> 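Supplied in structure tokens, the structure appears directly below.
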There are 2 protein chains.
Amino acid sequence: MTVSKMTSQDQAKQVAPVGFDEEGGALQLGELSELLGYSLKRAQLKVFEDFLRCMAPLQLTPAQFSVLLLLDKNPGRNQTEIANTLGILRPNFVSLLDALESRDLLTRMRSPSDRRSHVLMLTDKGRATLARAKKLVATRHEARLIEVLGPAEHKALLGMMAKIAREF
Amino acid sequence: MTVSKMTSQDQAKQVAPVGFDEEGGALQLGELSELLGYSLKRAQLKVFEDFLRCMAPLQLTPAQFSVLLLLDKNPGRNQTEIANTLGILRPNFVSLLDALESRDLLTRMRSPSDRRSHVLMLTDKGRATLARAKKLVATRHEARLIEVLGPAEHKALLGMMAKIAREF
DNA sequence: GTCTATTTGATATACTTCATAACGATTATT
DNA sequence: AATAATCGTTATGAAGTATATCAAATAGAC
């Protein structure tokens with residue numbers, strides 16, 4: 001689940017478009033291009049790759065960005081709540097938070113009402129970074145997507161993705 | 001890149017729909033739902049999860065299925081060509097082929113014209129398995145997707161995914 | 001035709017992501 | 001008070017993905 005760090009494979013590998021190969025001519029993709037899962041995965045990797053490129057100045061991964069975004073809208077929640085909402089397992093969420101906390105983007109505070117749990121809150125630096133990050137995403141990343149797809153298709157795509165994630 | 005084995009996380013975790021949490025009410029997803037990469041990833045995981053479920057009788061992962069599909073349409077290619085087309089790195093392709101060859105679904109043959117390379121070909125069993133796999137994908141997996149999205153949106157989605165994978 | 005460089009499949013290895021089990025501390029239940 | 005459940009955490013394992021390197025074979029330079 002969730003968001004993962006991108007690799008450089010496609011970038012390095014796809015000097016030639018997928019489905020083409022020097023010797024012997026193009027390979028026939030055949031039914032592969034009609035397999036939604038296949039195109040979905042390749043598209044997703046491309047999108048994450050672009051996200052990382054656009055976000056390079058702030059050094060935020062998609063997963064980290066999603067945490068900051070969620071924390072901003074939902075201050076005072078504990079780790080389990082945030083992790084569950086993002087589909088991240090609690091054990092794996094720990095090191096993710098460690099990284100963000102060590103960069104002073106958020107704080108863990110023992111809850112006075114339940115001293116087992118940690119209340120999560122963005123720091124001022126966290127809020128400032130999130131604001132810059134949002135700007136980068138909007139002006140570089142999403143803007144490029146809209147440029148490729150067109151505004152109408154972009155919006156339709158969002159709706160379809162949400163539908164699949166919800167009803168499938 | 002490529003196709004990966006699914007996990008059971010979502011299935012186990014999402015007894016409650018994403019964005020909801022028992023104590024304290026629903027969390028606000030906020031701009032998260034407008035982040036295409038986020039929905040794209042979640043949708044992709046759902047689709048792979050469903051693919052594995054539908055393909056359980058044949059025990060084929062999306063990656064393995066894509067190899068069989070590509071080999072059927074492009075017999076006589078070597079490992080590098082197939083791997084490149086699928087965006088798989090050659091070192092990682094070796095064990096993938098080992099698994100399929102040990103199940104007698106394909107064969108590696110030294111090419112007479114270039115004795116460095118292995119010509120890949122489906123066996124009869126491989127072709128038969130692929131035929132059954134295609135049927136499972138069509139009648140269970142894609143059918144369910146079309147049911148959720150509707151035929152028109154399903155087709156539009158395929159087009160958009162291909163566009164992103166190609167032009168992004 | 002020999003020498004060098006490149007390519008192919010393979011191995012070893014490392015890093016990241018994702019998953020489970022278990023622990024101490026705390027709270028809830030009985 | 002005793003037991004069970006929850007929270008954050010640690011340890012650990014299984015995949016997926018990446019790079020470097022190797023022997024064998026071929027291609028290319030001279």
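Chain identifiers are assigned alphabetically (A, B, ...) following the order of the sequence lines, protein sequences preceding nucleic acid strands; residue numbering begins at 1 within each chain. Nothing here was measured: the structure is a model prediction, and the numbers come from that model.
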> Looking at side-chain heavy atoms only, is the closest gap between A/Asn84 and A/Arg90 below 4.5 Å?
yes
> Can you figure out which of C/dT8, D/dT10, D/dA25 approaches the side chain of B/Arg115 most closely?
D/dA25
> Nearest to the side chain of B/Arg116, which nucleotide is it out of C/dT7, C/dC18, C/dA10?
C/dT7
> The side chain of A/His118 is closest to which nucleotide in this list: C/dT20, C/dG9, D/dG8?
D/dG8
> C/dC18 P sits how many Å from B/Glu49 CD, rounded?
14 Å
> Closest to the A/Thr80 side chain: C/dA10, D/dC7, D/dT9?
D/dC7
> Which heavy atom of B/Leu136 sits nearest to which heavy atom of B/Cys54, and what is that distance?
CD1-O, 3.6 Å
> Heavy atoms only: give me the nearest A/Arg53-A/Arg140 pair and the separation to one decimal.
O-NH1, 4.5 Å
> Starting from C1' on D/dA24, measure out to CG on B/Asn78 and report it in whole angstrom.
15 Å
> Rounding to an integer number of Å, can you tell me how far A/Ile88 CD1 sits from C/dT16 C1'?
14 Å
> Using a heavy-atom cut-off of under 4.0 Å over every strand shown, decide if B/Asp114 touches base, sugar-phosphate, or nothing.
sugar-phosphate
> Would you mind reading off the distance between B/Asn92 atom CG and C/dT16 atom P, rounded to a whole angstrom?
16 Å
> Exactly one of B/Leu105, B/Thr123, B/Leu106 should register a side-chain contact (heavy atoms from CB on, under 4.5 Å) with B/Thr129. Which one does?
B/Leu105
> Taking CZ from A/Arg108 and P from D/dC7, how many angstroms apart are they, rounded to a whole number?
16 Å
> Would you mind reading off the distance between B/Leu45 atom CG and C/dC18 atom P, rounded to a whole angstrom?
8 Å
> Does A/Lys41 have a side-chain nitrogen or oxygen under 4.0 Å from the phosphate oxygens OP1 or OP2 of D/dG16?
no
> Between atom CZ in A/Phe93 and atom P in C/dT20, what is the gap in whole Å?
18 Å
> Which nucleotide wins on minimum distance to the side chain of B/Pro91, given the candidates C/dT27, C/dG9, C/dA10?
C/dA10
> In whole Å, what is the span from the CG atom of A/Asp98 to the P atom of C/dT16?
15 Å
> C/dT20, C/dA10, D/dG8: which one has an atom nearest the side-chain heavy atoms of A/Gln79?
D/dG8
> Between D/dT10, C/dG9, C/dT20, spot the one nearest the side chain of B/Ser117, thanks.
C/dG9
> What are the two closest non-hydrogen atoms of A/Lys125 and A/Asp104, and how far apart are they?
CB-O, 3.6 Å
